[in-house]
Peer 1: 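Here it is, the structure in full.
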Amino acid sequence: MLRTGSRVLTGALALLFLFPLVWAAVASVSPQAGTAQVHGWGFGNYQTLANYQAGIGQYLLNSTAVSLMTVVFTLAVSAFGGYAFAMFTFPGRNALFLVTLAILMVPYATLLIPLYVLLNDLGLQNSLVGLSLVLTMFQLPFAVFMMRISFEAIPGELRESALIDGCGNFRALLHILLPAVRPGLVTVGIFAFLAAWNDFITPLVLISDSEKVPLPLAVANMRQQVMGIVDYGATEAGVVVLALPCIVLFLALQRHYVRGFMSGALKG
């Protein structure tokens, strides 16, 4: 009886969360006044999205480049940071770790203007690389925390055996420990990708070239028609295009994602 109730509750929650996406998908192909799909069902709204300014291909390329760079930067820094916090003892380790986590309490929108000035001085303002670095910075507190608990869940004998066999710390990390914390890496990568893919405020502040904006900003710019009328059909099409890569990525990696969180829970 309890199992049946839990399944019913889980199914109801799944339908609740899926409803907005299904609604957007249906609205994107249904006839609506004031859109490119006025009569009958079809893909007129997607055609509007595809032909907007530089084209959806360019905006998808921008979003993909920013998201992949953010994932790579986040994984590289958090792996080394988590390894250092988990495996080495040094003065002020816990205090430094708490300071890193404390960054999560700072509203990231308050940092955008100083970061804008800094990137401008470095010649990275209005660039996808600079945008990726900023998004990476916002992801690092959670990523370092996740990687630390992932490394701490590994038996210490595994690293000691590698060191005894002649591996240095870097080789032990690269060849022995990183494969052991793959679920944690996947979890950090998914979070970094989703944050970079869906972020709106950061590129709004840091990117001024219309051909360099990622897809969320392009969709927001496109939704306004003449006289302030909103093109809901094209907006819904943009929502669907934005959501599909996230859904596919999560479904493909959900097994590692759950294992990554479980390793931290078991450690705690």
Side-chain angles (χ1 to χ4, degrees), residues 10-32 34-37 41-72 74-75 108-109 128 131-132 134-136 138-139 142-143 186-204 207 210-225 230-258 260-261:
T10 303
L13 289 174
L15 291 175
L16 179 64
F17 285 114
L18 284 175
F19 178 75
L21 182 59
V22 174
W23 180 282
V26 173
S28 67
V29 296
S30 62
Q32 299 181 50
T35 69
Q37 193 64 40
W41 297 72
F43 297 94
N45 294 318
Y46 290 92
Q47 189 68 30
T48 300
L49 179 65
N51 296 329
Y52 176 71
Q53 290 188 358
I56 190 174
Q58 181 63 48
Y59 301 129
L60 279 173
L61 181 63
N62 294 341
S63 289
T64 302
V66 170
S67 300
L68 291 180
M69 284 190 290
T70 302
V71 169
V72 172
T74 302
L75 288 177
Y108 80 94
L128 299 183
L131 176 60
S132 301
V134 172
L135 292 172
T136 299
F138 295 146
Q139 288 300 304
F142 167 78
V186 171
T187 302
V188 169
I190 289 178
F191 268 82
F193 180 88
L194 294 180
W197 182 267
N198 295 303
D199 194 271
F200 173 80
I201 296 179
T202 308
L204 178 64
I207 303 296
S210 61
E211 293 189 358
K212 293 182 179 180
V213 299
L215 187 58
L217 191 53
V219 172
N221 293 335
M222 179 195 61
R223 65 192 297 267
Q224 292 291 339
Q225 290 185 332
V230 178
D231 188 344
Y232 288 105
T235 302
E236 300 294 354
V239 169
V240 173
V241 173
L242 278 168
L244 282 177
C246 302
I247 295 173
V248 172
L249 180 67
F250 179 79
L251 291 177
L253 300 175
Q254 62 174 330
R255 178 168 59 90
H256 298 286
Y257 174 80
V258 173
F261 270 111

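What you see below is based on every heavy atom in this structure, not just the backbone, and it leaves out hydrogens, waters and symmetry mates.
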Peer 1: With rounding to the nearest 0.5 Å, note down the distance linking CD1 in I56 to OG1 in T48.
Peer 2: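 So the CD1 of I56 and the OG1 of T48 are separated by 11.0 Å.
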Peer 1: Please find the pair of heavy atoms, one from V71 and one from G189, that lie closest to each other, and give the distance.
Peer 2: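 Looking at all heavy atoms of both residues, the closest pair is CG2-O, 3.6 Å.
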Peer 1: As an exercise, state the distance from OH of Y59 to CG of N221, rounded to the nearest 0.5 Å.
Peer 2: 7.5 Å
Peer 1: Where does the angle between the aromatic ring planes of F193 and W197 fall among parallel (under 30°), tilted (30 to 60°) and perpendicular (over 60°)?
Peer 2: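 It falls in the parallel class, under 30°.
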Peer 1: Taking the side chain as every heavy atom from C-beta outward, state whether F19 and L15 have any atom pair closer than 4.5 Å.
Peer 2: no
Peer 1: Within this structure, what is the OH-OG distance for the pair Y52 and S210, rounded to the nearest 0.5 Å?
Peer 2: 8.0 Å
Peer 1: Are any of the side-chain heavy atoms of M69 and L128 separated by less than 4.5 Å?
Peer 2: yes
Peer 1: Applying side chain to side chain donor-acceptor pair (under 3.5 Å), name anything that partners N62, two or more places apart in sequence or on another chain.
Peer 2: Q58
Peer 1: Heavy atoms only: give me the nearest L21-A243 pair and the separation to one decimal.
Peer 2: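 Minimum heavy-atom separation between L21 and A243: CD1-CB, 3.7 Å.
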Peer 1: To the closest 0.5 Å, what do you measure between CG (L49) and CZ (F43)?
Peer 2: 13.0 Å
Peer 1: Is the backbone of L215 close enough, under 3.5 Å, to the side chain of S63 for a donor and an acceptor to pair up by distance?
Peer 2: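 Side chain of S63 to backbone of L215: a pair is present.
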Peer 1: Is there a side-chain contact between L135 and T74 (heavy atoms, below 4.5 Å)?
Peer 2: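 SC-SC contact between L135 and T74 ruled out.
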Peer 1: Take atom CG in L244; do more than 12 heavy atoms of anything else shown fall under 6.0 Å from it?
Peer 2: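 Counting other residues, nucleotides and ligands, CG of L244 exceeds 12 neighbours.
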Peer 1: Does T202 have any side chain to side chain donor-acceptor pair (under 3.5 Å) partners at least two apart in sequence or in another chain, and if so, which?
Peer 2: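 Here the qualifying residues are D199.
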Peer 1: How would you list, by chain and number, every residue that makes a side chain to side chain donor-acceptor pair (under 3.5 Å) with Y46, sequence neighbours excluded?
Peer 2: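 So Y46 forms a side chain to side chain donor-acceptor pair (under 3.5 Å) with S28.
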Peer 1: Measuring from L61:CG to K212:NZ, what's the distance to the nearest 0.5 Å?
Peer 2: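 One gets 12.5 Å once the value is rounded to the nearest 0.5 Å.
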